[in-house]
Amino acid sequence: MVYISSWDEFAERSIQLFRADPQSSRYVMKYRHCDGKLVLKVTDNRECLKFKTDQAQDARKMEKLNNIFFTLMARGPDVDISEVSGKEQSEAQPTKKGRGRKQ
Amino acid sequence: MVGSLAQPTHLPPYFKLRKVSSKSAREREREPSLFAFAMPDPFLNELTSMYERTTERGSVWVTLKRSSMKSKAKRNKMTSAGETIEYRCLVRATDGKKTISTVLSAKDHLRFQASYATILKAHMSALKKRERRDKKKAGDGQTKQEDLKKPPKKSSS
(Lines give C-alpha, C1' and ligand atoms only; values in the text may rest on other atoms or scores of the structure.)
Protein backbone atom coordinates (compact mmCIF):
# COMPACT_ATOMS: atom_id res chain seq x y z
CA MET A 1 0.00 0.00 0.00
CA VAL A 2 1.24 3.44 -0.79
CA TYR A 3 1.55 4.86 2.70
CA ILE A 4 2.94 8.36 2.86
CA SER A 5 4.73 9.30 6.03
CA SER A 6 4.59 13.08 5.76
CA TRP A 7 1.23 14.74 6.27
CA ASP A 8 2.04 17.75 4.13
CA GLU A 9 3.12 15.57 1.25
CA PHE A 10 -0.02 13.48 1.56
CA ALA A 11 -2.24 16.56 1.63
CA GLU A 12 -0.59 18.22 -1.35
CA ARG A 13 -0.47 15.10 -3.51
CA SER A 14 -4.06 14.16 -2.71
CA ILE A 15 -5.31 17.61 -3.67
CA GLN A 16 -3.33 17.43 -6.91
CA LEU A 17 -4.73 13.98 -7.58
CA PHE A 18 -8.26 15.18 -7.05
CA ARG A 19 -7.79 18.25 -9.21
CA ALA A 20 -6.42 16.12 -12.04
CA ASP A 21 -9.48 13.87 -12.12
CA PRO A 22 -12.34 15.12 -9.98
CA GLN A 23 -14.83 12.76 -11.55
CA SER A 24 -13.24 9.51 -10.42
CA SER A 25 -11.27 10.60 -7.34
CA ARG A 26 -12.57 9.78 -3.91
CA TYR A 27 -11.45 10.39 -0.37
CA VAL A 28 -11.96 7.61 2.16
CA MET A 29 -11.50 7.76 5.89
CA LYS A 30 -11.42 4.69 8.12
CA TYR A 31 -11.48 4.98 11.86
CA ARG A 32 -11.08 2.14 14.36
CA HIS A 33 -11.79 3.18 17.91
CA CYS A 34 -10.75 -0.20 19.34
CA ASP A 35 -7.27 0.15 17.80
CA GLY A 36 -7.14 3.91 18.00
CA LYS A 37 -6.12 4.13 14.34
CA LEU A 38 -7.11 6.45 11.56
CA VAL A 39 -6.38 5.73 7.89
CA LEU A 40 -6.97 8.16 5.05
CA LYS A 41 -7.02 7.15 1.41
CA VAL A 42 -7.28 9.24 -1.73
CA THR A 43 -7.52 7.43 -5.02
CA ASP A 44 -8.57 7.99 -8.61
CA ASN A 45 -8.75 4.26 -9.26
CA ARG A 46 -5.32 4.37 -10.88
CA GLU A 47 -3.13 5.81 -8.18
CA CYS A 48 -3.67 5.45 -4.46
CA LEU A 49 -2.31 7.55 -1.63
CA LYS A 50 -2.75 6.52 1.98
CA PHE A 51 -1.93 7.97 5.34
CA LYS A 52 -2.06 6.07 8.61
CA THR A 53 -1.93 7.59 12.07
CA ASP A 54 -2.77 7.13 15.70
CA GLN A 55 -2.07 10.72 16.74
CA ALA A 56 -4.75 13.15 17.83
CA GLN A 57 -2.88 16.06 16.23
CA ASP A 58 -3.26 14.40 12.82
CA ALA A 59 -7.01 14.22 13.40
CA ARG A 60 -7.05 18.00 13.61
CA LYS A 61 -5.05 18.29 10.38
CA MET A 62 -7.43 15.82 8.79
CA GLU A 63 -10.38 18.01 9.68
CA LYS A 64 -8.79 20.88 7.77
CA LEU A 65 -8.17 18.59 4.82
CA ASN A 66 -11.82 17.48 5.04
CA ASN A 67 -12.92 21.06 4.66
CA ILE A 68 -10.66 21.51 1.66
CA PHE A 69 -12.11 18.43 0.00
CA PHE A 70 -15.67 19.46 0.75
CA THR A 71 -15.04 22.81 -0.90
CA LEU A 72 -13.32 21.23 -3.90
CA MET A 73 -16.05 18.71 -4.42
CA ALA A 74 -19.02 20.96 -3.95
CA ARG A 75 -17.78 23.99 -5.81
CA GLY A 76 -15.47 22.47 -8.35
CA PRO A 77 -11.79 21.62 -8.64
CA ASP A 78 -10.79 25.06 -9.89
CA VAL A 79 -11.77 26.83 -6.70
CA ASP A 80 -8.96 28.62 -4.89
CA ILE A 81 -8.45 26.87 -1.64
CA SER A 82 -8.61 29.48 1.06
CA GLU A 83 -7.57 26.81 3.57
CA VAL A 84 -10.96 27.37 5.20
CA SER A 85 -9.31 29.17 8.08
CA GLY A 86 -9.56 32.09 5.71
CA LYS A 87 -5.88 32.86 5.43
CA GLU A 88 -6.23 34.36 1.98
CA GLN A 89 -9.35 36.19 2.98
CA SER A 90 -7.67 37.65 6.02
CA GLU A 91 -4.80 38.79 3.81
CA ALA A 92 -7.19 40.36 1.36
CA GLN A 93 -9.12 42.32 3.97
CA PRO A 94 -6.33 44.49 5.35
CA THR A 95 -5.34 45.56 1.83
CA LYS A 96 -8.92 46.54 1.12
CA LYS A 97 -9.02 48.49 4.31
CA GLY A 98 -5.83 50.20 3.28
CA ARG A 99 -7.34 51.28 -0.02
CA GLY A 100 -10.39 52.56 1.79
CA ARG A 101 -10.71 55.49 4.10
CA LYS A 102 -7.60 56.58 5.90
CA GLN A 103 -8.48 57.42 9.46
CA MET B 1 -33.50 -27.20 -0.78
CA VAL B 2 -31.06 -29.99 -0.02
CA GLY B 3 -33.20 -32.72 -1.57
CA SER B 4 -33.60 -30.92 -4.88
CA LEU B 5 -30.01 -31.54 -5.96
CA ALA B 6 -28.29 -34.89 -6.44
CA GLN B 7 -25.67 -35.16 -3.75
CA PRO B 8 -22.16 -36.04 -4.91
CA THR B 9 -21.49 -39.56 -3.69
CA HIS B 10 -17.74 -39.42 -4.00
CA LEU B 11 -17.39 -36.53 -1.59
CA PRO B 12 -17.70 -36.76 2.21
CA PRO B 13 -21.16 -35.97 3.58
CA TYR B 14 -20.39 -32.42 4.70
CA PHE B 15 -19.94 -31.36 1.07
CA LYS B 16 -23.67 -31.20 0.62
CA LEU B 17 -24.66 -29.19 -2.37
CA ARG B 18 -27.17 -26.54 -1.63
CA LYS B 19 -29.12 -24.55 -4.09
CA VAL B 20 -28.06 -20.96 -3.74
CA SER B 21 -31.31 -19.85 -2.16
CA SER B 22 -32.58 -17.38 -4.68
CA LYS B 23 -35.03 -16.26 -2.03
CA SER B 24 -32.39 -14.39 -0.12
CA ALA B 25 -31.18 -12.67 -3.30
CA ARG B 26 -34.72 -11.63 -4.11
CA GLU B 27 -35.26 -10.52 -0.57
CA ARG B 28 -32.13 -8.46 -0.81
CA GLU B 29 -33.41 -6.77 -3.94
CA ARG B 30 -36.78 -6.09 -2.38
CA GLU B 31 -35.32 -4.66 0.80
CA PRO B 32 -35.60 -0.94 0.42
CA SER B 33 -32.16 0.56 0.83
CA LEU B 34 -33.06 2.38 3.99
CA PHE B 35 -30.75 5.31 3.55
CA ALA B 36 -30.79 5.78 -0.18
CA PHE B 37 -29.55 9.36 -0.09
CA ALA B 38 -30.92 10.52 3.21
CA MET B 39 -30.98 14.21 4.02
CA PRO B 40 -27.78 15.46 5.66
CA ASP B 41 -29.24 15.77 9.18
CA PRO B 42 -30.59 12.22 9.59
CA PHE B 43 -27.39 11.03 7.96
CA LEU B 44 -25.36 12.83 10.64
CA ASN B 45 -27.51 11.35 13.40
CA GLU B 46 -27.04 7.88 12.03
CA LEU B 47 -23.30 8.50 11.62
CA THR B 48 -23.09 9.50 15.28
CA SER B 49 -24.79 6.31 16.39
CA MET B 50 -22.46 4.36 14.10
CA TYR B 51 -19.43 5.80 15.86
CA GLU B 52 -20.98 5.06 19.23
CA ARG B 53 -21.70 1.47 18.28
CA THR B 54 -18.17 0.73 17.10
CA THR B 55 -16.26 1.81 20.19
CA GLU B 56 -15.47 -1.73 21.31
CA ARG B 57 -15.07 -3.39 17.95
CA GLY B 58 -15.23 -2.52 14.28
CA SER B 59 -14.43 0.39 11.99
CA VAL B 60 -16.25 3.29 10.46
CA TRP B 61 -15.51 4.15 6.84
CA VAL B 62 -16.53 7.53 5.45
CA THR B 63 -16.16 8.16 1.73
CA LEU B 64 -16.34 11.51 0.04
CA LYS B 65 -16.83 11.75 -3.69
CA ARG B 66 -17.85 14.34 -6.19
CA SER B 67 -20.78 13.30 -8.30
CA SER B 68 -23.29 14.87 -10.59
CA MET B 69 -25.76 12.10 -9.73
CA LYS B 70 -26.46 11.61 -13.43
CA SER B 71 -25.53 8.79 -15.74
CA LYS B 72 -22.62 9.14 -18.12
CA ALA B 73 -24.89 9.22 -21.15
CA LYS B 74 -26.91 12.07 -19.75
CA ARG B 75 -23.79 13.92 -18.74
CA ASN B 76 -22.41 13.71 -22.28
CA LYS B 77 -25.70 14.95 -23.65
CA MET B 78 -25.67 17.86 -21.27
CA THR B 79 -22.13 18.91 -22.13
CA SER B 80 -22.81 18.67 -25.86
CA ALA B 81 -25.99 20.71 -25.38
CA GLY B 82 -23.99 23.33 -23.52
CA GLU B 83 -25.80 22.92 -20.19
CA THR B 84 -23.73 23.29 -17.06
CA ILE B 85 -23.73 20.15 -14.96
CA GLU B 86 -24.33 20.73 -11.30
CA TYR B 87 -21.94 18.73 -9.19
CA ARG B 88 -22.61 17.58 -5.70
CA CYS B 89 -20.72 15.90 -2.92
CA LEU B 90 -21.70 12.32 -2.18
CA VAL B 91 -20.93 11.18 1.34
CA ARG B 92 -21.13 7.52 2.28
CA ALA B 93 -20.57 5.95 5.65
CA THR B 94 -20.48 2.31 6.64
CA ASP B 95 -19.63 0.17 9.62
CA GLY B 96 -19.05 -2.88 7.44
CA LYS B 97 -22.65 -4.02 7.73
CA LYS B 98 -24.83 -1.04 7.19
CA THR B 99 -24.25 1.73 4.67
CA ILE B 100 -25.76 5.17 4.79
CA SER B 101 -25.31 7.99 2.37
CA THR B 102 -26.24 11.55 1.66
CA VAL B 103 -25.79 14.08 -1.10
CA LEU B 104 -24.65 17.62 -0.48
CA SER B 105 -24.99 20.57 -2.75
CA ALA B 106 -22.68 23.56 -2.61
CA LYS B 107 -24.81 25.41 -0.06
CA ASP B 108 -25.35 22.34 2.14
CA HIS B 109 -21.70 21.54 2.47
CA LEU B 110 -20.76 24.43 4.73
CA ARG B 111 -23.28 23.48 7.37
CA PHE B 112 -22.54 19.79 6.94
CA GLN B 113 -18.79 20.15 7.31
CA ALA B 114 -19.22 22.03 10.59
CA SER B 115 -21.48 19.33 12.06
CA TYR B 116 -19.29 16.59 10.60
CA ALA B 117 -16.18 18.11 12.17
CA THR B 118 -17.95 18.24 15.54
CA ILE B 119 -18.92 14.58 15.32
CA LEU B 120 -15.39 13.53 14.41
CA LYS B 121 -13.83 15.55 17.22
CA ALA B 122 -16.27 14.11 19.71
CA HIS B 123 -15.68 10.50 18.72
CA MET B 124 -12.05 10.23 17.75
CA SER B 125 -11.00 10.05 21.35
CA ALA B 126 -8.95 6.87 21.04
CA LEU B 127 -6.13 8.57 19.15
CA LYS B 128 -2.97 9.19 21.14
CA LYS B 129 -2.23 12.65 22.29
CA ARG B 130 1.33 13.88 22.42
CA GLU B 131 2.21 12.62 25.85
CA ARG B 132 5.94 12.47 25.35
CA ARG B 133 6.49 16.14 25.99
CA ASP B 134 4.35 16.03 29.11
CA LYS B 135 6.20 13.01 30.45
CA LYS B 136 9.53 14.63 29.78
CA LYS B 137 8.48 17.76 31.59
CA ALA B 138 7.22 15.78 34.56
CA GLY B 139 9.92 13.11 34.93
CA ASP B 140 13.00 14.13 32.99
CA GLY B 141 12.42 17.83 33.26
CA GLN B 142 14.77 18.12 36.23
CA THR B 143 17.57 16.18 34.57
CA LYS B 144 17.16 18.25 31.42
CA GLN B 145 17.55 21.42 33.39
CA GLU B 146 20.69 20.03 34.95
CA ASP B 147 22.02 19.11 31.53
CA LEU B 148 21.38 22.61 30.33
CA LYS B 149 23.23 24.02 33.30
CA LYS B 150 26.24 21.76 32.80
CA PRO B 151 27.39 22.74 29.29
CA PRO B 152 27.58 26.46 30.08
CA LYS B 153 29.60 25.66 33.18
CA LYS B 154 31.98 23.51 31.14
CA SER B 155 32.42 26.21 28.54
CA SER B 156 33.17 28.80 31.18
CA SER B 157 35.77 26.60 32.94
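Naming convention: chains lettered A, B, ... in sequence-line order (proteins, then strands); numbering from 1 in each chain.
Using a 4.5 Å heavy-atom threshold, the side chains of A/T71 and B/H109 count as touching. At a threshold of 4.5 Å between non-hydrogen side-chain atoms, the residues A/N67 and B/Y116 do not count as touching.
Residue contact with chain A, scored on non-hydrogen atoms closer than 4.5 Å, involves the backbone and the side chain of B/T55 alike. Looking at B/L90, there are no atoms closer than 4.5 Å to chain A (heavy atoms on both sides), in backbone or side chain. Heavy atoms of A/E63 lying under 4.5 Å from chain B belong exclusively to its side chain.
Note: the hydrophobic cluster containing B/W61 does not contain A/F69 (ILVMFWY, side chain heavy atoms under 4.5 Å, direct or indirect links).
In plain terms, the two heavy atoms of B/K65 and A/R26 that are nearest each other are CG-CB, 3.9 Å. Closest approach of B/M124 to A/L38, counting heavy atoms only: CE-CD1, 3.7 Å. Taking every heavy atom of both residues into account, B/L120 and A/N66 meet most closely at CD1-ND2, 3.5 Å. Annotation for A/L72 and B/R66: closest pair O-NE, 4.2 Å, computed over non-hydrogen atoms. Of all non-hydrogen atoms in A/C34 and B/R57, the two that sit nearest each other are SG-CA, 4.0 Å. Closest approach of B/Y87 and A/Q23 over heavy atoms only: CE2-OE1, 3.2 Å.
By the 30° and 60° cut-offs, the orientation of the rings of B/Y51 relative to A/Y31 is tilted.
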| message | Evaluate B/L127 against A/D58 for side-chain contact (heavy atoms from CB on, under 4.5 Å), listing each step before the verdict. | response | CA-CA 9 Å; B/L127 295 174; A/D58 290 328; over 6 Å; no
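Around CZ of B/R92, the count of heavy atoms belonging to other residues, nucleotides or ligands within 6.0 Å does not exceed 12.
Ranking A/M62, A/Q57, A/R60 against chain B, the residue ahead of the rest is A/Q57, based on heavy-atom pairs under 4.5 Å. For chain A, the option among B/R88, B/K121, B/K107, B/H123 with the highest count of heavy-atom pairs below 4.5 Å is B/K121. Ranked by non-hydrogen atom pairs under 4.5 Å with chain A, the options B/A117, B/S67, B/S105, B/S125 are led by B/S125. Among B/T63, B/L64, B/L104, the residue with the largest count of heavy-atom pairs under 4.5 Å with chain A is B/L64.
In this structure, OG on B/S59 lies 4.0 Å from CZ on A/R32, to the nearest 0.5 angstrom.
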